[in-house]
Protein chains: 2
Amino acid sequence: MATRRCQVFVSGLDAAIDVVGGKWKVLILWTLGQGTMRFGELKRALDGVSEKMLIQHLRELEQDEIVHREAHHGVPPKVEYSLTDVGGTLIEALRPLGDWGCAHKERLESLRAAEG
Amino acid sequence: MATRRCQVFVSGLDAAIDVVGGKWKVLILWTLGQGTMRFGELKRALDGVSEKMLIQHLRELEQDEIVHREAHHGVPPKVEYSLTDVGGTLIEALRPLGDWGCAHKERLESLRAAEG
DNA sequence: CGGTATCCGCGTCGATACTG
DNA sequence: CAGTATCGACGCGGATACCG
């Protein structure tokens, strides 16, 4: 029943890419993988991201239970973001793809520079 | 130098997601993984895709040397698409992510149905 | 059969300004 | 510091019609 397994595989892939597909998501994921960070730290670490997109992606990842958000209401405000266990497994699942990308990155770039 | 390796890893991930991020790309990839197919077969196999997107994604994958295009000019016209060796390695790299998606798909869907 | 060309809606992304 | 609100540009993706 290889055919049935394909569909499952592909739909799993779709789901995963949906989680990770946003422009800054993998970057957020990886950065958070380094350890717990506050909102401001995250923003500085991901230099170039707008607050809007950072919040938006953070909320989505939070909803998907990939990141954990812990707010400390007070003065000054302090919110800490960290990876959940599920987030950790996602990073592991991403590793082979990251390695593949590493191995082919330069070739891809030159191909696109030449023809695209 | 974990910090340097992170950047490499992330940029590799970005490159990979760029290759595979289009709406139908993984599906095309997987379908072609089953074996060589003609344009029409591919279109029927990926029921619902418009010709425009199929061609567009096919061209991009071809440019990235993920798929191979072989045209037989004649009557009737016949064009066959197949996976390259690189395409094969990409599918392998995608497998853990697909498994992860499978394992979490239902949870993700219910989370999104509830809150999103 | 295997494309190409064109139009258009919609969601994504960025910039900017404002709030508790 | 950690957001929220709003606006506008842009590109993806779908539908349709046409070409070799």
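Chain A is the first sequence line, chain B the second, and so forth, proteins listed ahead of strands; every chain is numbered from 1.
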Chemist: Hey, is the side chain of A:Y81 poking within less than 4.0 Å of OP1 or OP2 on D:dC1, counting only N and O atoms?
Modeler: no

Chemist: Before accepting this row, confirm whether a basic side-chain N of the pair A:R69/A:E80 lies closer than 4.0 Å to the acidic partner's carboxylate O.
Modeler: no

Chemist: With a 4.0 Å limit, can you tell me whether B:R44 has a side-chain N or O closer than that to the phosphate oxygens OP1/OP2 of C:dG2?
Modeler: no

Chemist: State which of D:dT6, C:dG2, D:dG14 makes the closest approach to the side chain of B:K78.
Modeler: C:dG2

Chemist: Looking at B:W24, does any N or O in its side chain come under 4.0 Å of the phosphate oxygens OP1/OP2 on D:dG14?
Modeler: yes

Chemist: Hey, are A:D64 and B:R112 close enough for a salt bridge, meaning a charged N less than 4.0 Å from a carboxylate O?
Modeler: yes

Chemist: If you draw the axis of the six-membered ring of A:Y81, does the NZ or CZ of A:R38 fall within 45° of it and under 6.0 Å from the ring centre?
Modeler: no

Chemist: Might you confirm whether atom NE2 of B:H72 has over 12 heavy atoms from other residues, nucleotides or ligands at distances under 6.0 Å?
Modeler: yes

Chemist: Can you tell me which nucleotide in D:dG3, D:dG13, C:dC1 comes closest to the side chain of B:K23?
Modeler: D:dG13

Chemist: C:dG2 phosphate, OP1 or OP2: any side-chain N/O from B:R59 under 4.0 angstrom?
Modeler: no

Chemist: Describe the nucleic acid contact of A:K43 in one word from base, sugar-phosphate, nothing, applying a heavy-atom distance below 4.0 Å.
Modeler: nothing

Chemist: Can you find a side-chain donor-acceptor pair between B:E70 and B:H68 that sits under 3.5 Å?
Modeler: yes

Chemist: Calculate the interatomic distance between B:I55 atom CD1 and D:dG13 atom C1'; express it in whole Å.
Modeler: 15 Å

Chemist: Identify which nucleotide among D:dA15, C:dG3, C:dG14 has an atom closest to any side-chain atom of B:K52, counting heavy atoms from C-beta outward.
Modeler: D:dA15

Chemist: Using a heavy-atom cut-off of 4.0 Å across all strands, would you classify A:H57 as base, sugar-phosphate, or nothing?
Modeler: sugar-phosphate

Chemist: From the set C:dC1, D:dG3, C:dC13, return the single nucleotide nearest to any side-chain atom of A:M53.
Modeler: C:dC13

Chemist: Using only side-chain N and O atoms of B:R38, determine if any of them is under 4.0 Å from OP1 or OP2 of C:dG2.
Modeler: yes

Chemist: For the pair made of CD in A:Q56 and C1' in D:dT6, what is the distance, rounded to whole Å?
Modeler: 14 Å

Chemist: Looking only at side-chain atoms of B:P77, point me to the closest of D:dG14, C:dG2, D:dT4.
Modeler: C:dG2

